[in-house]
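A short worksheet on the structure shown next.
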Amino acid sequence: MSDHATTIKRFWETTEARDWVGLAEVLAPGMVYEMAQTRERIRGREAFLSFFDAYPGDWHLTLRRVVADDAGAASMLDFTVGEEQMVGISFFSFDDDGLISRVEDIWPEPYEPPPGREHLTERY
């Protein structure tokens with residue numbers, strides 16, 4: 001497993017555990033976090049940790065997949081807040097020390113497929 005994949009797994013494990021000290025260990029001090037749907041940006045490790053710590057609700061996540069190489073990493077996870085279930089896709093960049101320098105979160109909204117292609121697909 002690449003170092004970047006290990007770092008991303010630690011990122012999500014410490015996030016689920018609300019281990020903000022452990023999470024801080026994988027983040028670069030000047031990291032940037034962006035959420036595509038809301039066009040919000042958070043600059044800096046401390047601001048990012050505050051945002052995650054203050055996120056409302058009884059949320060939980062399960063990591064589905066990590067893909068990583070020398071240039072960066074991506075992850076896909078299942079995220080729940082109460083009864084609401086979402087899928088999160090995150091893209092990660094790293095600094096020269098292997099710390100996470102950028103996270104781009106995408107939270108796609110599920111939707112019903114257009115009619116007329118039922119004979120071509122299988123629903124799951």
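Excluded from the calculations below are hydrogen atoms, water molecules and symmetry mates; all remaining heavy atoms, backbone and side chain alike, are included.
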### Message
Could you report the tightest heavy-atom contact between I89 and F91, atom names first, then the distance?
### Response
CG2-CE1, 3.8 Å

### Message
Salt bridge or not between D78 and R64? Use side-chain N to carboxylate O under 4.0 Å.
### Response
yes

### Message
Could you report the tightest heavy-atom contact between V87 and P108, atom names first, then the distance?
### Response
O-CD, 3.3 Å

### Query
Can any side-chain N or O of D69 pair as donor or acceptor with the backbone N or O of A71 at less than 3.5 Å?
yes

### Task
Treat each ILVMFWY residue as a node, draw an edge where side-chain heavy atoms are under 4.5 Å apart, and state whether M76 and F92 are in one component.
no

### Summary
Correct closest heavy-atom pair for L49 and A24 would be CD1-CB, 3.7 Å

### Task
Using the side chain to side chain contact (heavy atoms under 4.5 Å, CB included) rule, take V32 and I42 through it: C-alpha gap first, then chi angles, then the decisive distance, then the call.
CA-CA 6 Å; V32 175; I42 298 169; over 6 Å; no

### Message
Within this structure, what is the OG1-NE2 distance for the pair T15 and H60, rounded to the nearest 0.5 Å?
### Response
13.0 Å

### Task
Mind listing the closest non-hydrogen atom pair of A68 and A5 along with its distance?
CB-N, 3.6 Å

### Message
Rounded to the nearest 0.5 Å, what separates atom CH2 in W20 from atom CZ in R18?
### Response
6.0 Å

### Distance in Å, R65 CZ paired with I8 CD1, rounded so as to fall on 0.5 Å steps
14.5 Å

#### Entry: Spatial distance of atom CG (D19) from atom OG1 (T14) [nearest 0.5 Å]
6.0 Å

### Message
Can you tell whether the side chains of R102 and E34 come within less than 4.0 Å, N to carboxylate O?
### Response
yes

### Query
For W107, what residues pass the ring pair (Phe, Tyr, Trp, His ring centres under 6.0 Å) criterion, not counting sequence neighbours?
F79

#### Entry: Reported CZ-to-CG distance for the pair R10 and D3, which is rounded to 0.5 angstrom
13.5 Å

#### Entry: For the student: nearest non-hydrogen atoms of A28 and L99, plus distance
N-CB, 3.7 Å

#### Entry: Distance in Å, H4 NE2 paired with S93 OG, rounded so as to fall on 0.5 Å steps
9.5 Å

### Task
State whether a side-chain donor-acceptor pair under 3.5 Å links W12 with S75.
yes

### Task
Taking the side chain as every heavy atom from C-beta outward, state whether V103 and L27 have any pair of such atoms under 4.5 Å apart.
no

### Message
Are the side chains of L77 and T62 in contact, using a 4.5 Å heavy-atom criterion?
### Response
no

### Query
What residues, two or more places apart in sequence or in another chain, satisfy ring pair (Phe, Tyr, Trp, His ring centres under 6.0 Å) together with F52?
Y33, F48

### Query
Does the side chain of T80 come within less than 4.5 Å of M86's, by heavy atoms?
no

### Task
Give the cluster check for F11 versus M35: same hydrophobic cluster or not, with ILVMFWY residues linked at side-chain heavy-atom distances below 4.5 Å.
yes

### Query
How far apart are the closest heavy atoms of L61 and E16, and which atoms are they?
N-OE1, 2.7 Å

### Task
Keeping to residues at least two apart or across chains, list the side chain to side chain donor-acceptor pair (under 3.5 Å) pairs with something in residues 114-124.
E112-R123

### Task
Please check if V26 and V67 belong to a single hydrophobic cluster, counting links between Ile, Leu, Val, Met, Phe, Trp and Tyr side chain heavy atoms closer than 4.5 Å.
no

### Query
What do you reckon, is CG of D53 surrounded by more than 12 foreign heavy atoms closer than 6.0 Å?
yes

